[in-house]
*Asks:* 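Right, I'll just put the structure down here and ask away after.
Residue numbers begin at 1 in each chain, while the letters A, B, ... track the order of the sequences.
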Amino acid sequence: MHLEEEDFSYSGEALIARPNNPSSISDDEWGDYLFMRKNPKGRHVEQWQHSSGCRKFFVIERNTIDNTIYSSYTMIQASKEIKHETN
Amino acid sequence: MKYSIFSLLKQGLKDNKEWPEAWSSPIIKSRYDVVIIGGGGHGLATAYYLAKEHGVKNIAVLEKGYIGGGNTARNTTIVRSNYLWDESAMLYQHSLDLWNGLSQDLNYNVMFSARGVYNLGHTLQEMRDIERRVNANVINGITAEVVLADEIKKRIPLINISKNVRYPIMGASYQSTGGVARHDAVAWGFARAAAALGVDIVEQCEVTAMDIDNSKIVGLNTTKGYVATNQVGCVAAGHSSVLAEMANVRLPIESHPLQAFVSEPMKAVLDTVVMSNAVHGYISQSDKGDLVIGAGIDSYNSYSQRGSPHVIEHTAAAILELFPAFSRARMNRQWGGIVDTTPDACPIISKTNVEGLYFNCGWGTGGFKATPGSGHVFASTLANDSPHPLAVPFAIERFYNGHLIDEHGAAGVAH
Amino acid sequence: MRRINPVLPSAIINNAIEIDFIFEGQQFKGFDGDTLASALSANDVKVFGYSYKYSRPRGIIAPYAEEPNALVSLEQGGLYTPNAKATQVELYQDLIASAPTLNPNSIEKIKPLFKAFHRFMAAGFYYKTFMRPQKLWMLYEKVLRSFAGISKAPVDFDSEHYDHMHHNCDVLVIGGGLAGLTAAIEIAKTEKSVILLDERPSLGGTTYDYPDEAVGSTNQLEYMNNIISQLDTYPNVEILSRTTAFAFHDENNVIANEMRQDHKPLSERNANLSRQRLHKIKAGHVLLATGASERPIAFDNNDLPGIMLSTAGLSLLNRFSVLAGEQVVIFTNNDSGHTAANYFAKYSQKVTLIDTRSNSPDVALNGNVRLINSSVIIKANGKNSVSSVTIGERDQKSNKNVLTETIDADLVLVAGGFNPVVHLDCHTGSNPIWDDNLVAFAPNLSKQKRSGTGALTGYIYATDVINNAKEQANNIINNSITATTAQKNFLNTDKFFNVESFGGKQFIDMQNDVTTSDIQLAIRENYKSIEHIKRYTALGFGTDQGKTSNVLGVAIAAQSQNLKMSEVGTTTFRPAYTPVTFGALAGQHINDLFDPERYTPMQPSHINNGAIFETVGQWMRPWYFPNNGDGLDGAVFNECLKTRESLGVIDASTLGKIEIHGPDSREFLNRVYTNSWTKLAVGSCRYGLMLDENGMIMDDGVTACLSDDHFIMTTTTGGAAKVYQWLENWLQTEWPELEVYLSSVTDHFSTTAVVGPNSRELMLSICSDIDFSKEAFPFMTWRAGTVCGVSARVMRISFSGELAYEINVQSNYGRFVWDSVLEKGNKWSIVQYGTESMHVLRAEKGYIIAGQDTDGSVSPIDADLSWVVSKSKQFSFLGERSLSRSDTSRVDRKQLVGILTEDPSEVLSEGAQILNSNTNSNMLGHVTSSYFSPTLNRSIAMGLVRDGLRRKGEKIIVATAKGKRSPSTIESYVFFDPDGLKMNGNESENVDG
C-alpha cells in the first residue's frame, strides 16, 4: 500500500527527551534542549505523524541526502530500540 | 582589466581572445590569516570586504564545489529590506544600501534592478501586519508603503483582484527600492573583486576536519591538504551543521529543501516582484523572460537539493490564484536549494566557544538579499574579533537567553 | 510541394484527409497525421523564426521534443498557447499558428540593426558594461528585456481545465518504442500490472523513421504493430499515449502529463474533458525505455535553415513522406549516417555522405550515394537557407582541415551520434556516466527498483533491442536486476564533436545563440566548471533544456581544457523533461478548490441575513451584518450598543473543540496549560493559556470539566489544528504514561452565544430544564439541558464582559437553534453580530486575541496575564522554564497595555508604532488592536509597549508611516466594567479565575 507524503507531517528530530526537572537546569542546558539540533547530513532519526490518517506519531531513520528510509518504529519501539544519545 | 564599454570594444576587436580570467585559481597555501569556508555569495563577500575594508592580506575562500553553486545559484533573486523587527530591518537595509552601487564598487554588473516588491495581504490580520510593518519601516527610514487592491491592479494589470476567489487580495506592502539581481553575477563579481585584492579562491576544496587545540582553531584538514590558520569563518548555509559538528559546536539550524521553478521565456509581462504568504508563492519575471517562481519550504530536513512534487503543484496553484492567465504558461525547469532555517527565522552571525571560529548562517529564505550586508558585517566581526554593531543581536546566545528576534510573523514563507 | 506521392507505406499521415491551417496569416494545407513542422516542410517552409541574439534565420533541426528553433504560438484568447515546438504540434483543421519572431511588427525587426555590434556581444558582455551611470541601468535593462522572450505571455483566463490522477502499478514502462513495447508485453504475460507511457500520439518510437530495419524475416514496423495489437488484449496493461513522463521523484514516483485535447480541432474539444491530465504514478519497478536523441556536429554556419539532424530528416521522409531537399548532404561520424544515406538515395539522385572516419563500416551503400571519408563540412553557405557546403579533408592527427570542394546542397543532415535520454534517471540525483564505448553519457541506473533498456542503454539495432528488452523484462519478472549497457561500440561512433572553425559562427545552443567561441571565452575567463559555463553563456537554458546542445558544450569544454569528458561532467538534469503547463501542475486545486472553505451549520442563515464574511484560517465567519445598508462602522456601532443594552448573538461554532478523556486528564491539562486544573469541579469551566516551550503565548480558550475524567477544551479558530497536533505530540511522544484520549470535535458541535443583559431572559424562554438563577448557574460553569427542544450543553462564559450563555448542540441542530434564538430574541430586539463587533466588545473588556495582540514573541507576563500562570504546580508546565531565562524575565520587555488617545474621537490605526516623543524615532512597540467603542463613546486601543506595565499613565506618541502623530496615554487595557459587575448580571459574585 502506498500513501502520499502529504498524508504525513514531519515533526523534526526524534528522541529529544524533555528534561525531567527543567527548573534545576541552566539556561544553556535548557537552550540546548529547546533549539539545538543535530541536523545531520546522512542518517537522521526523526519523528513523523500520520496526520491525515491514524494520527499516530512514529519514528523513522531516513537518509537526508537521498531520502532512503532505513527503518521505522512506533514510539514505544523507538524509545527501546534506538540508542539514546545524550544531548 | 577594468570592465567598461571601452574594454568591451577593445576586446571585441580582438575577437574577445584576450580577456583575462575573472578570478584566478591559485594553488592552496599552507597558511592563511583568515579562511572562509564556503564560496557562495556571502563567503565571497566576506572575503572581499575583509580585504578591502580591513586590510587583511592573506585570505582564502575554500569552496567544496564551484563558487556560487549553492543557494546563490538556486534562489529567486529577490532583494528587499522591509523586515518587521528593528534588528533585522537594519541589517537588511544595510545590505540594500550596499546593493545600490554594488556593480560600480565591484566593477561587475550584478544587474540589481529596483523594480519594486509587493507583499500581498489577503486577510484582515495580514493587513494589520502589513500596516504594522510599513509603519515600522518608514519610521526606521526604510522605504515602504501600503497599497490597496485597486492600485495594485493598476500597476500589475494581470493580477486578479476579484473578490470571488478563495483569498482575495486586499492590499500589499510595497517597497519600491526592492527588486531583483542577477544571482550568479553576484558570486562572480565578488570573486573577481576579491581575487583582485589577493584573496585565494580555492574551488573543489572540501574541509574534512577542524584542528582545534585548547579551544582554539589552529588549522583545517581539506581535500587539498592541511591549512594552518587561526581564524575561520564558516559561511556554508545548509551545510553549517556539518561544519559545526567538526568543531563540536551546537547550532539550532535545520536544513530544508526550498524549491523554485521557472517558466519558459516569454515577452515581458510582469515588471515587478509579487509575493504572497497566504497562498505561498512568489513571482517575478527575469530579464530573459522566464517567470521565476518560489515555493514554500518542504517540511523535512534534507540535503538532497530536491523537494517533494506536491509543493511545486501547490505553488503553481497559488500563482494561478494571483495570475490566472499563467495557467497556459509552462514550467521549464524546477530545482531545490538547501536552506538553513533557525527557530526565529533570523540569521546567526556569531562567535563560538572555539576561539577564532565564527559562524554566519541560518539565513533561511533571506540569504540572497542579504549577501553584501552579510559579508560586510561578518568581515567586520572577523577583523575585530568582536561583532559588528548590526550583528550583535544575531549572536547564538539568543537561543539561550531567550532574546529571539521572531521574524516568523513577517517572514513566514514568502520571500 | 515536398510531399512524396504516393505516400510512403511507413508514413503515419492519411492523405485522404486534407487539413487547412494558418501559419503567420497564410493558408496552408496538410494531411491528417502531420505535425505543424511536417506540414510546413511539405509546403517548403524553411524559416520558422529568427534567433534571440543575432537575429539569424532558423528552421527545424530536430525530429521531436529536442527542437530548439521552431517555436510557435497557437490560437488566441483563452486557448492561446505560447512556445509550442512545431515538431510536436499535431495538425488539426483550422489550426492557427504564428511564429513570434517572424511577425513583421515584432521587436525582432530591429535586431538586425545590431549586426555591426555582434562582435562586442559575446557571452556575458552585459556583466562588463551598462554600469555607468548607475541610474541608467533600469533603462538599459528595459531595452534588454524587450528583446528577450519568445512567445508573448498568455494574458487571458484559461478556457480549459486540468486534472490529476493517481496510479499504483507493479511496473511502469516509460517509452513506447520497440524496447518499451517488447518489454511491456513480456511483463504483461505475468500477472503484473503494467503502465506504459509514450509522449507521442502513436506508439512505436522511431520505428517509423527506420522502417526497413529487419527483425528476422519481417521489418521492425510490422513486428511493432503486431505487439501493439497483442498488448490491447491484456487487461493488466494500461497504455497512455501523448503522455510525457517529465519528473522522476524518490521511491519511484513518476509524474507524467497527458495531452488530452490539444490535438483536436477547437470545435471538437470537449469542455467536460480536461485539457491535460497529470498522472502521478507510484511504481514497484520503473523500466526506462526512453531511447536516445541525436546530437549535431558543430561547424560554421551550422544554423542555416535546411541543416538538420539526420533523425529529423528521416522522420520527415519516412514518417511524414516529406523529402525536405533534393540535393542531400549527410555529415556523419557514425554508422547511422550511412543508414540515412540509403533511405534518402531511394528518392534523391544526389546524396553526398561525408564521414569523419577514414574507414567505412559494413553498411552497403545505395549507388546514388557518394561517400567521402576522412572529411568534414567546414562551413555551410547560403542566405536564408543552406545552398551549399564547403568540404575539407581532415588530418586525423592535427585535426586541421584542408579545404577540398564546395557541394551544392539544399538539405544537410547531420548525424553526430546519439545521446541516451538519461534525464529521468538523473532527476533523483544520480549523475550520468561518460561511456567511451557509447561515446555518450550513459544512465547511471544505480537506484533500486529501476532499470533501463533499448537505445537508452546503447542498443540501437532492432534485433539487439528486442533481445535486450526481453532480458530486462525477465529480470524484472524474476526480480534479478542487473544493469547492463551495450558493450560494443555504439554505431562505431567517432569521438568527433565540432569542426575547427574557419572564422564563422558555430552554434552549439541555437535557442540561446551560444557559439563555440562563447564557451571558449567562458573558459578563458575561468568560468570553467560546466555549471559556470552553462550559467555564463546560457548554454542549455532554453525551452529545449539543451537536448541537442549540452553534450556538445561539454565536449568543447573538455577540448579547450584538455580534459576528459568524464572530468567535465554534465550539468544537473532537472524536471521538467519537457515543459508542463502551470495549469496541469495545479490541476483542479484552483478557484473554489484551491483551499476548502469551512462553514458553520448556520452559514445559510448568515447568507440570508446579509452577512459580510471574513476569512479566519480556513473558516468563513460573519464579519458584520450591514442592516439597512450600514457600512462596517455603522453596523458595528449598532451591534455593540444593542448587545450591551439588551441582547446580541454570535455564531461561535468555529472555535476549536477538543475532547480530553481519561483518568490522567487533569494532570495533562496541568502540563499543557499555565494554570492549575487539579481542583476544577465537575460542571465548572476555566480559562486556560497555552505556551510553546519557548514560553510564548500560543493559544488560549475555556475548558469545561464534564466529569472527573472528561473535559472539553476550546481553542482559537485559527489555532485549532495546531493545538490538537501539539497535544497529541506531547501525549504520544513524551508522556505515554498518561492515560488520556483526545478527540477533535470542532465539527461535531455548533455554538450559539447569546450575549447581553437580557440573555438570561432569553434562555428562560427557550430552556425549561436548567435553573438559570445566579446561585444555581454561576459564571464559569456549564449545565446540561434542553434548549429549543434540543439536547444542549450551556456554558455561562463570556468574551464580551456581558452576562452570556453559549449554547452547544450537536451540529445538525445548530442552524435550528440559531434561527430559533433569533426569532425568540425579537422580544428583546436581539441583534446578531460578527467578528468585528466581537473584537470591539472583547477589547472594551480587555480580553486578548492570541495571534492579534500576541505574535509569538509575547509571554504571559508580557501580556499582563500573570494571574493565569501558576507558580505552584509540581510539574513544570510547557514553556514555564523559558520564562525565567535572563532575557525573557527582563521586566522592561514589550508588554500589553491599553492606549487612549488624547482626542477621544481619533481611532488609532492597528499596526501604528509607538514613540516616546515626536522627536524620538526609537520605536517602543505597536498598536495591536484599535476600535471606536460605542459603549464608552471614545476610541480604545491595545498595544505592546516596551516597559509598558510600569509606565501606565505616561504619555506616548502613536505614529504612522504617513506622518500622523497622535498623543496618547498608556492605561490598563480593561476599559469597561473592570469589576465584572455586568458579566455577573449586576449581581455580586466571585469570578472563578
Side-chain angles (χ1 to χ4, degrees), chain B residues 3-5 8-9 12 16 19 21-23 25 66 69 103-104 108-109 113 123-125 128 131-132 134-136 138-139 158 166 184-185 264-269 287-289 304 309 312-313 316-317 319-321 324-335 401-403 406 408-409, chain C residues 81-83 119-120 122 125 127-131 141 144-145 148-158 249 255 521 524-526 529 531-532 535 543 574-576 579-583 585-586 589-590 594-595 614-615 855-857 885-888 909-913 921 923 926 960-961:
Chain B
Y3 288 162
S4 70
I5 186 75
L8 263 185
L9 292 173
N16 294 304
W19 286 107
E21 290 189 331
W23 68 91
S25 295
Y66 57 94
S103 296
Q104 292 71 28
Y108 200 104
N109 192 350
S113 172
T123 64
L124 292 171
Q125 185 57 40
R128 281 183 205 112
E131 287 279 351
R132 175 185 176 193
V134 167
N135 289 330
V138 169
I139 293 166
L158 279 185
R166 182 63 185 87
D184 294 322
E264 298 178 296
M266 297 179 292
K267 288 290 172 196
V269 74
D287 287 352
K288 276 195 77 217
S304 64
I312 294 294
E313 287 158 17
I319 295 303
L320 298 188
E321 283 292 291
F326 292 158
S327 176
R328 297 180 81 91
R330 301 196 295 183
M331 176 181 85
N332 198 25
R333 196 166 57 249
Q334 71 172 83
W335 66 91
N401 65 24
H403 197 165
D406 199 336
H408 269 307
Chain C
T81 300
N83 293 341
R119 63 186 311 145
F120 310 114
F125 76 99
Y127 298 128
K128 296 168 178 160
T129 184
F130 304 131
M131 285 179 273
E141 189 187 31
L144 290 176
R145 283 172 81 85
I150 307 163
S151 287
K152 285 182 177 159
V155 294
D156 293 305
F157 280 32
D158 197 337
H249 294 274
I255 308 188
L521 171 64
R524 195 174 303 128
E525 296 191 88
N526 206 22
S529 149
E531 289 284 355
H532 281 161
R535 290 157 183 280
T543 62
R574 301 184 183 288
V580 186
T581 52
F582 291 7
L585 292 171
H589 301 283
I590 56 166
F594 176 67
D595 195 26
E614 176 193 2
T615 304
D855 65 2
S857 67
R885 291 172 305 185
S886 60
D887 188 80
T888 318
S909 80
E910 288 172 346
Q913 294 291 324
S921 67
M923 284 175 280
H926 74 283
T960 69

*Asks:* With a 4.5 angstrom heavy-atom cut-off, is it the side chain or the backbone of B/L158 that approaches chain C, or both, or neither?
*Replies:*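 When you check distances to chain C, only side chain atoms of B/L158 fall under 4.5 Å.
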*Asks:* For a 4.5 angstrom cut-off between non-hydrogen side-chain atoms, does B/R132 reach C/Q913?
*Replies:*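 Yes. Closest side-chain heavy atoms under 4.5 Å.
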*Asks:* Among B/R128, B/E131, B/K288, which residue forms the greatest number of heavy-atom pairs with chain C at distances under 4.5 Å?
*Replies:*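 The option with the most such pairs is B/R128.
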*Asks:* Should the ring pair B/Y108 and C/Y127 be called parallel, tilted or perpendicular, given that the plane angle runs from 0 to 90° and is split at 30 and 60?
*Replies:*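 The rings of B/Y108 and C/Y127 lie parallel, inter-plane angle below 30°.
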*Asks:* Is B/Q125 close to chain C through its backbone or its side chain, or both, or neither, when contacts mean heavy atoms under 4.5 Å?
*Replies:*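 Just its side chain gets close to chain C.
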*Asks:* Using a cut-off of under 4.5 Å for heavy-atom pairs, which of B/V134, B/V269, B/V138 has the most such pairs with chain C?
*Replies:*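 That would be B/V138.
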*Asks:* Picking from B/R328, B/Q334, B/E264, which has the most non-hydrogen pairs under 4.5 angstrom with chain C?
*Replies:*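 So the answer, after comparing B/R328, B/Q334, B/E264, is B/R328.
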*Asks:* So, C/S857 and B/D406: side-chain donor and acceptor under 3.5 Å apart, yes or no?
*Replies:*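 No pair is found: no donor N or O on one side chain lies under 3.5 Å from an acceptor on the other.
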*Asks:* Counting only non-hydrogen atoms closer than 4.5 Å, does B/D184 touch chain C with its backbone (N, CA, C, O), its side chain (CB onward), both, or neither?
*Replies:*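 Just the side chain, heavy atoms under 4.5 Å.
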*Asks:* So for C/I590, is it side chain, backbone, both, or neither that comes closer than 4.5 Å to the heavy atoms of chain B?
*Replies:*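 Both parts, backbone and side chain.
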*Asks:* Stepwise, does the side-chain contact (heavy atoms from CB on, under 4.5 Å) test hold for B/D287 with C/E141?
*Replies:* CA-CA 7 Å; B/D287 287 352; C/E141 189 187 31; 2.8 Å; yes
*Asks:* So what's closer than 4.5 Å to chain C heavy atoms on B/I5: side chain, backbone, both or neither?
*Replies:*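 For B/I5, the contact with chain C is made by backbone and side chain together.
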*Asks:* Please determine, among B/S4, B/S304, B/S113, the option with the most heavy-atom pairs under 4.5 Å with chain C.
*Replies:*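 The candidate making the most pairs under 4.5 Å is B/S113.
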*Asks:* With a 4.5 angstrom heavy-atom cut-off, could you sort out which part of B/S25 is near chain C: side chain, backbone, both or neither?
*Replies:*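 The answer is both parts of B/S25.
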*Asks:* What part of C/S909 gets closer than 4.5 Å to chain B, counting heavy atoms only: side chain, backbone, both or neither?
*Replies:*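 Side chain only.
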